[in-house]
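Note that this is a predicted model, so its numbers are computed, not measured.
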Amino acid sequence: LAPILHAFEEVGRGAERLTYDDFTAFCRLVQPDMSAEEIHALIKVLDSEGLGRISLQRSLHKLSSEIFLETQGILRRE
């Protein structure tokens, strides 16, 4: 989690929310091979209201929920 927090702070220069351009830079820092389509899909999920800004708190909450649900599905199948 620390590398993600550091990348968010670095790209956002301490801001609580990232613009789409900053979020794209953040994604490329965290996962350099992420495609533009993958980043766009994340933006749609993380900014479903279309406000043009993505918060760290909402991102972590949403992505953690997704990972948890995927993990639960995997655990149930085994």
Side-chain angles (χ1 to χ4, degrees):
L1 187 58
I4 291 174
L5 294 173
H6 178 73
F8 197 96
E9 289 174 5
E10 181 180 326
V11 170
R13 296 164 296 285
E16 291 183 19
R17 299 177 188 273
L18 299 180
T19 64
Y20 291 166
D21 288 340
D22 286 342
F23 185 75
T24 298
F26 162 77
C27 289
R28 296 265 160 74
L29 258 179
V30 173
Q31 188 172 343
D33 62 343
M34 186 177 284
S35 71
E37 292 81 18
E38 290 171 317
I39 294 170
H40 182 70
L42 270 176
I43 288 171
K44 286 179 74 173
V45 168
L46 298 174
D47 185 25
S48 57
E49 295 88 17
L51 301 174
R53 301 232 173 234
I54 297 171
S55 75
L56 175 62
Q57 181 179 2
R58 182 174 179 136
S59 297
L60 291 175
H61 175 74
K62 191 81 164 169
L63 295 174
S64 296
S65 297
E66 294 289 326
I67 291 168
F68 177 76
L69 291 174
E70 285 181 28
T71 304
Q72 290 300 310
I74 290 168
L75 293 174
R76 286 189 194 129
R77 281 184 250 150
E78 293 180 350

Side-chain (R17) to main-chain (A15) donor-acceptor, under 3.5 angstrom
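Here the side-chain-to-backbone pair does not exist.
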
Exam field: side chain D47 to backbone G52, donor-acceptor pair closer than 3.5 Å
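Yes; judged by distance alone, with no hydrogens or angles, the pair exists.
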
Run the side chain to side chain contact (heavy atoms under 4.5 Å, CB included) test on R53 and L18 for me, step by step, so that the C-alpha distance in whole Å, both residues' side-chain angles and the decisive distance to 0.1 Å come before the verdict.
CA-CA 5 Å; R53 301 232 173 234; L18 299 180; over 6 Å; no

If every non-hydrogen atom of S59 is compared with every non-hydrogen atom of F23, which pair is closest and at what distance?
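Taking every non-hydrogen atom into account, OG-CE1, 4.5 Å.
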
Kindly give the heavy-atom pair with the smallest separation between R58 and V45, and that separation in Å.
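So the minimum-distance heavy-atom pair works out to NH2-O, 4.4 Å.
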
List in chain and number order the residues that pass side chain to side chain contact (heavy atoms under 4.5 Å, CB included) with L56, two or more places apart in sequence or in another chain; answer none if no residue qualifies.
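For L56 the side chain to side chain contact (heavy atoms under 4.5 Å, CB included) partners, ignoring immediate neighbours, are L5, F8, L60.
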
Residue pair L42 / C27, side-chain heavy-atom distance below 4.5 Å:
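A side-chain contact exists here, since the closest heavy-atom pair is under 4.5 Å.
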
Between I54 and F26, is the side chain to side chain contact (heavy atoms under 4.5 Å, CB included) condition met? List the steps.
CA-CA 11 Å; I54 297 171; F26 162 77; over 6 Å; no

Is there any salt bridge (charged side-chain N to carboxylate O under 4.0 Å, His left out) pair reaching into residues 23-45, and which pairs are they, with sequence neighbours excluded?
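Checked against salt bridge (charged side-chain N to carboxylate O under 4.0 Å, His left out) - neighbours excluded - no pair reaches residues 23-45.
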
